[in-house]
Amino acid sequence: MSENVVHLYKAPDGPASRPVPLWVRSGRAVKHAVTHERTRSAGRAVVRHGLYTFNGGRIVARRAWDGRTGARYERMIRAAEAAGNLEAAEEWEERLSRFRAARHHRRMDLLHSPVDAAKGVVVGAGMSIGVLVALGVVMAISTGQVADVVTPLSATIDFIALLICIVQIVWGPAVTIGPFLVLLALWAVGRQQQAAPHWALPANVRSGEGEPITPSIVVKALRDLGVPALARAIKEMGDAGASMLGPIRIAGCGVEVDVTLPSGVSTIEVQNRRRKLAENLTRHEHEVFITIPQAARTVRLWIADSGALDEPIGPSPLVTDETLTADYAKGKAPWGQDLRGDAAALSLYQRHLLITGLSNQGKTAALRALALWLALDRTVEFRIADLKGAGDWAMFDGLATVLIQGPTDDHVIEATEMIEDGVAEMERRLQAPPGTTFPPLILLVDEAQVAFMCPLVDADKRPYGGSKATSRYFMAARKIHNQGRAVNVLLWQGTQDPTDQNLPKLVREGAHTRAALALGTESQARMALGDKAVDGGAAPNLLRPGLDKGTVVVASDGIAIPAGQSSITVRTHYIDTDTATEVAERAKRMRDGVTTLRVIDRGEERDPLADIHSVFGESPRLVTQDVLKRLTALNEDAYGRWTFADLRRVLDGTGAEPYKSDGRMVVARERLTRALANRDSDDSASAS
């Protein structure tokens, strides 16, 4: 067989392979040439510049038509009627009437213009000849030559002949070049308007990174959204589609605009196309937020500056202001910034709190920032269970009266009993005389899903975890949600990856403040924030895991949320562990000293005098009521029912009896130390 038809293909290091037909080789070459990037770029350039010229002609024709007819006014009228703005429609109709009257007047003037023009030419020519003859007479008198009378007239005739000659010379090339100049002008118009398909535009134009948001860009993005009713309505409006838009306002690191949708288009149709809308606006999906304000058929678009959300926000005021203090009842925790760049502060007063998110998204840091601020109010008591046990809450040793750290089932038991102790304290407060005020008690459980998923049961066959009426942790949480806020006993929980199994419905709906970091699905977003917030535009499932760390979507009446919205997105300040420890030390210096119970003791023999001494910490003396409260926190079973009489019974005869100071009964730590030392020496003497 001829070499022109078949050749043998030889592998680099192997024997000859099967023959490849020439037509296959030719086809591959053609395919490679067609699909090569240079070929594709050339094809895009040809299409782009051709459409620049064609669409530029359309734009010029459209402008000319609009200038000669009332088409522009009619589009404005239709747009105003579609938007329901009858006043604007009437105003444009009046302008159309004035335009038509002026046009009619101009057309009537054209009927008389030929006669008027002829008269004007005759009169003008006669006057010009008269002026030239008069000028010639003056020249003849001056020179004494009679022939100079016609010199100006002949010079004018020669000049006109020269102009005719120039026109004759230029006319041929002008006729040849003129069409090309016209095409060049049309191409320039089309290029200025980028009148070509998006795929045919240059790469730097297609990217559109940082392109400013204008009314025309928003209208085009909505038109190309894939909603037929919306596209038809905008097409009928023509360029007046911008009448759907409210003012484009600067809002932090982006802009905000309200869009009133035409009749027949629902807000959910726009919400469900968030990604396509973002791409039409040359933004990433996470840079466009769609919420539903109070106005009917209206969506509110917040569009970030390109790349702005990837920039970190400033440090927390807890770090920059060492004089900062907290006020549980009247203050707000400085949590971060909203998308507009405004400070986002959260009120914690009598609000149970739930924060959820995927693992390693900043949940603990966001929750800890709130606790650190509240710790600067010396009246607040913390009881904390960290069921991860990685040391994220270690700085609260000396601040919290209970600190449990660990992921085991034993730690879950301790956390459950801590919450049940909180229920007992709540019930005691509820039975106090009316008008009694109580200091805030924060029961905080981080990684609460570990408690709900615990499989252990107690001696009475009651499970610690689960969501049944027999579940100890679940029922304790429910009781605090039901009545705790009335007496300032609050439950804060942080949990991962919410499901019905690790975060029961009744518990998550009992929280007044619900916040979510990045989540995996919309169903998880609904569990975290509730249906109302998600239906109103909250979408923590659209946050980028790993990239939007610390960004939370919050549904709460404790934070300022724009009117008509059900949630707000907050970029929280990040406080690392070392800095958090420094803030915690400031909070400790504001207090008299707190003895932190790290393990809840259950059922062992107690030494009341030693326990009383241990709860003093660094305080030189304590009010007897505070001693009783700290003993209860140390061991509810042993000291939960103690009264002042029980305390006096233990201290009588020791030399450390309570005494009155500034009108209040107090106990001195120094006397207790001497009493313990004397008791130990007496015991040693007795033993010898």
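As the structure is a computational prediction, the values presented were derived from the model and not from experiment.
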Check this for me, if you would: do Asp446 and Arg368 make a salt bridge, where the nitrogen-to-carboxylate-oxygen distance has to be below 4.0 angstrom? no
Decide yes or no on side chain to side chain contact (heavy atoms under 4.5 Å, CB included) for Ser556 and Arg351, but give the supporting numbers first. CA-CA 9 Å; Ser556 171; Arg351 290 178 176 88; 4.3 Å; yes
Side-chain contact, heavy-atom cut-off 4.5 Å: Leu318 with Leu376? yes
If you compare all heavy atoms of Ala448 against all heavy atoms of Tyr473, which two are closest, and at what distance to 0.1 Å? CB-OH, 4.0 Å
Mind running salt bridge (Lys or Arg N to Asp or Glu O under 4.0 Å) on Arg508 and Asp500 for me, showing each step along the way? CA-CA 10 Å; Arg508 62 180 184 251; Asp500 283 326; 3.0 Å; yes
Using a 6.0 Å cut-off, check whether atom CD of Glu670 has over 12 heavy atoms from anything other than its own residue. no
Ignoring hydrogens and angles, state whether a donor on the side chain of Thr673 or His613 is under 3.5 Å from an acceptor on the partner side chain. yes
Point-to-point distance, once rounded to the nearest 0.5 Å, from CZ of Phe438 to CZ of Arg429: 6.5 Å
Met527 side, atom CE; Leu503 side, atom CG - distance, nearest 0.5 Å: 8.5 Å
Would you say the side chains of Thr579 and Asp576 form a donor-acceptor pair under 3.5 Å? yes
Does the side chain of Val553 come within less than 4.5 Å of Leu529's, by heavy atoms? yes
Checking side chain to side chain contact (heavy atoms under 4.5 Å, CB included) between Val667 and each of Leu651, Leu622, Asp626, which is the one that passes? Leu651
Under the side-chain hydrogen bond (donor to acceptor under 3.5 Å, both in side chains) criterion, do Asp342 and Gln337 qualify, and how do the steps go? CA-CA 5 Å; Asp342 299 328; Gln337 294 179 359; over 6 Å; no
Do Trp393 and Thr364 have side chains that get closer than 4.5 Å, going by heavy atoms? yes
Given the rule in the salt bridge (Lys or Arg N to Asp or Glu O under 4.0 Å) test, do Asp327 and Lys330 qualify, once you have shown the distances and angles that lead to the verdict? CA-CA 6 Å; Asp327 187 333; Lys330 299 179 181 179; 5.7 Å; no
Is there a donor-acceptor contact under 3.5 Å from the side chain of Arg514 to the main chain of Ala528? yes
Where do Gly422 and Ile480 come nearest, in terms of heavy atoms and distance? C-CD1, 4.5 Å
Check this for me: does any side-chain nitrogen of one of Asp397 and Lys588 sit under 4.0 Å from a carboxylate oxygen of the other? no
Test of understanding: with side chain to side chain donor-acceptor pair (under 3.5 Å), list the residues that count as partners of Glu427, not counting sequence neighbours. none
For the side chain of Arg591 and the backbone of Asp377, is there at least one donor-acceptor N/O pair under 3.5 Å apart? yes
Kindly indicate whether the side chain of Leu631, heavy atoms from C-beta on, has any atom under 4.5 Å from the side chain of Ile612. yes
Evaluate the ring planes of His512 and His352, with Trp represented by its six-membered ring, and classify them as parallel (under 30°), tilted (30 to 60°) or perpendicular (over 60°). parallel
Give the intermediate values and the outcome of side chain to side chain contact (heavy atoms under 4.5 Å, CB included) for residues Ser614 and Leu634. CA-CA 9 Å; Ser614 68; Leu634 182 65; 4.0 Å; yes
For Glu381 against Ala633, the heavy-atom pair lying closest together: OE2-CB, 4.3 Å
N/O donor-acceptor pair under 3.5 Å between Tyr328 side chain and Gln350 backbone: yes
If you measure from the Lys or Arg side-chain nitrogens to the Asp or Glu carboxylate oxygens, is any gap between Arg586 and Glu582 under 4.0 Å? no
Which heavy atom in Ala366 sits nearest to a heavy atom in Ile355, and how many Å separate them? CB-CD1, 3.8 Å
With a 4.5 Å cut-off on side-chain heavy atoms, are Val445 and Met418 touching? yes
Sub-4.5 Å side-chain heavy-atom contact between Tyr574 and Ile313: no
Tyr639: which residues meet the ring-ring contact (aromatic ring centres under 6.0 Å, His included) condition with it, sequence neighbours left out? Trp642
Is a side-chain N or O of Ser471 found less than 3.5 angstrom from the main chain of Ser467, in a donor-acceptor match? no
Quick one: do the Gln524 and Asp497 side chains pair a donor with an acceptor below 3.5 Å? yes
So does Arg648 pair up with Glu657, basic N to acidic O under 4.0 Å? no
Start with the C-alpha gap between Leu374 and Ile442, add the side-chain angles, then the distance that decides, and say whether side chain to side chain contact (heavy atoms under 4.5 Å, CB included) holds. CA-CA 10 Å; Leu374 196 56; Ile442 307 298; 3.8 Å; yes
Side chains of Val412 and Leu456: closer than 4.5 Å at any heavy-atom pair? no
In plain terms, say whether Asp535 and Lys532 are close enough for a salt bridge, that is, a side-chain N and a carboxylate O under 4.0 Å apart. no
Enter the distance from Leu676:CG to Arg671:CZ here, rounded to the nearest 0.5 Å. 14.5 Å
Has Lys388 got more than 12 heavy atoms of other residues, nucleotides or ligands less than 6.0 Å from its NZ? yes
Which heavy atom of Leu348 sits nearest to which heavy atom of Ala333, and what is that distance? CD1-CB, 4.4 Å
Is a donor from one side chain sitting under 3.5 angstrom from an acceptor on the other, for Arg621 and Ser661? yes
Asn482 side-chain N/O to Arg478 backbone N/O, donor-acceptor pair under 3.5 Å: yes
Tell me whether Arg526 is salt-bridged to Glu522, with the criterion being a basic N under 4.0 Å from an acidic carboxylate O. yes
Rounded to the nearest 0.5 Å, how far does CG of Leu346 lie from CH2 of Trp373? 9.0 Å
Derivation of the salt bridge (Lys or Arg N to Asp or Glu O under 4.0 Å) call for Glu447 and Lys363: CA-CA 10 Å; Glu447 307 295 344; Lys363 168 179 55 62; 3.1 Å; yes
Criterion salt bridge (Lys or Arg N to Asp or Glu O under 4.0 Å) on Asp611 and Arg630, from CA distance to verdict: CA-CA 10 Å; Asp611 284 346; Arg630 295 188 181 191; over 6 Å; no
Regarding Thr408 and Asp410, is there a side-chain donor-to-acceptor distance under 3.5 Å anywhere? no
Between the side chain of His411 and the main-chain N/O of Gln405, is any donor-acceptor distance below 3.5 Å? yes
Does some side-chain heavy atom of Phe452 sit less than 4.5 Å from a side-chain heavy atom of Val507? yes
Here the gap from Ile413 atom CD1 to Asp458 atom CG, rounded to the nearest 0.5 Å, amounts to 8.5 Å
Taking atom CD1 of Ile419 and atom CD of Glu417, what is their separation to the nearest 0.5 Å? 11.5 Å
Is it true that a side-chain atom of Thr572 and a backbone atom of Trp335 form a donor plus acceptor pair closer than 3.5 Å? no
Test side chain to side chain contact (heavy atoms under 4.5 Å, CB included) on Leu443 and Val489; report intermediate values, then the result. CA-CA 7 Å; Leu443 305 170; Val489 177; 4.1 Å; yes
Any donor-acceptor N/O pair, Thr513 side chain to Leu354 backbone, under 3.5 Å: no
